[in-house]
Amino acid sequence: MKWYKKLHWQIIIGMILGLLWGLFASVFGLIDFTQDFIRPFGTIFIDLLKLIAVPLVLVSLVVGVASLNDVTKLSRMGGKTVAIYMVTTVFAITIGLTVVNILNPGGTLPDETRATLIESYSENVEGRDEAAAALQDRSFLEFFVDIVPENFFEAASDNTNMLQVVFIALLLGIGLINIPAQKGQALINVFESLNDVIIKVVDLIMKTAPYGVFALMAAVIVDLTGDDLGQALILLKALGWYCIAVLIGLLLHVFIVYSTLFKLFSKMKLRDFFKAIQPAILLGFSTSSSLATLPVTMERVEKNLGVKEEVSSFVLPVGATINMDGTSLYQAVAAVFIAQALGMDLTIAQQITIVLTATAASIGAAGVPGAGIIMLVIVLQSVQVPIEGIALILGVDRILDMARTAVNITGDAAVSVAVAHTEGKLGELHFDDE
Ligand code: ASP
């Protein structure tokens, strides 16, 4: 197949063209045109993916659990998954803290830039403050209460309730394991063929990905630059070190933690891994949503990385909701950056508090755009850094959201490989797009 016919290249080309269009539109006054006639295609593309997310998780998890034939296998896999997720998250935060302490990006921000940034974004902070307060009022056990839905349709009606959908699918799957095989077979057949249909639909949606990604990128760029490209560049320059700190942290995390994970738990090479799941990572980057990307992540992990469905259908949906290595790393960098910019020195004890709260905050953050910055409020409050400081970083948050979402997805996929290998459920690698 010619290189440009491969899906990931087409997505990359779509992204680059979208970026160029966004810049062109900002300079030549085509912002309204972009908002009215280009953005909607991006929105339709994301909505199609979101539409498929709940049925996909439900159906593939039921099929996966039913094929395990044994509840102890399920609980062993569950324990392992959550443990690896927690460990990688703590590493991510530690890397974030190390990088931000060494680079000290907050110390380099000129006083007047700091004042202007705070002034221009402070209004936007309020809503996030309230959203975080509502979340913070909940007790620890409420997390578990929230996982158990009281109504099936209510759970299935909101994509951010993915853990509830996972719970329902687990119950159904466990029920199926525990009735005589001939009785369950009819339902398993239905779920299996539904599963095949859904996978085909994801394939079809992905054929439009290059266009969807073009529209999404163009929309992000015009949002970012507004009609003043110069202003956006000044903002990027002022916050450049902060952005670089987050990006370096993310890269270090991917190359150190995931390659170690592969060395310990599977023989997969990081390079092969990336080659196989590229479209999912690119899509995470352009949609800024791990939930919207979930159908594609599942497809890639199963078809290309060779992870068997009974593992991927459990590990990935759970990961998309509770495992956010990119987000937690970013929260650590952002919290310390804000403290540095406001002239506060954080003690070691405070930095340890950041590790704990950022782990919890990333579990609580939904896999949707901008979720990480809402949960950042909780991290800041835990170390008594004024939350108004968020105003400093709001302007560049969208770009960092894209990068951290790509890492969130990479983390879920990497852990699914590790779990699959230890369970003897890792098949052959495939690099093709079909
Ligand atoms: N956008 C991220 C995700 O979907 C969450 C965040 O960090 O805002 O994974």
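Indexing begins at 1, ligand by ligand and atom by atom, following the structure's order.
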Evaluate the side-chain proximity of R404 to V246: yes if any heavy-atom separation is below 4.5 Å, no if none is. no
Closest by any non-hydrogen atom to atom 9 (O) of ligand 1: pick that one out of P369, S288, S290, G411.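 It is S290 that holds the nearest heavy atom.
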Answer yes when [X] and [Y] have at least one side-chain N-carboxylate O distance shorter than 4.0 Å, and no when they do not.
{"X": "D272", "Y": "K275", "result": "no"}
{"X": "R39", "Y": "D223", "result": "yes"}
{"X": "E423", "Y": "R76", "result": "yes"}

Residue portion contacting ligand 1 (non-hydrogen atoms closer than 4.0 Å) for V368 =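 Answer for V368: backbone.
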I need the atoms of ligand 1 closer than 4.0 Å to a non-hydrogen atom of [X], numbered in the order shown.
{"X": "G367", "result": "3 (C), 4 (O)"}
{"X": "G370", "result": "8 (O)"}
{"X": "T327", "result": "5 (C), 6 (C), 7 (O)"}
{"X": "G372", "result": "6 (C), 7 (O), 8 (O)"}
{"X": "S289", "result": "4 (O)"}

As a test of understanding, state which of D397, L380, V385 forms a side-chain contact (heavy atoms from CB on, under 4.5 Å) with I390.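 So the option named by the test is L380.
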With D47 as partner, the option from T43, L51, I44 fulfilling side-chain contact (heavy atoms from CB on, under 4.5 Å) is T43
Atom 1 (N) of ligand 1 has as its nearest protein heavy atom D401 OD1, 2.7 Å
Heavy-atom nearest neighbour in the protein, as seen from atom 2 (C) of ligand 1, with distance rounded to 0.1 Å:
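Of every protein heavy atom, T405 OG1, 3.3 Å lies nearest to atom 2 (C) of ligand 1.
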Backbone or side-chain N or O of L291 under 3.5 Å from ligand 1 N or O
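No - when backbone and side-chain N and O of L291 are compared with those of ligand 1, no distance drops under 3.5 Å.
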N or O pair under 3.5 Å between I373 and ligand 1
no
Is a side-chain donor-acceptor pair under 3.5 Å present for D412 with S416?
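On atom types as modelled, these side chains do not qualify, holding no pair under 3.5 Å.
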Give a yes/no on ligand 1: does A365 have at least one heavy atom closer than 4.0 angstrom to it?
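No heavy atom of A365 comes that close to ligand 1.
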Neighbour count above 12 (heavy atom, 6.0 Å) for I348 CD1:
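Not more than 12 within 6.0 Å, no.
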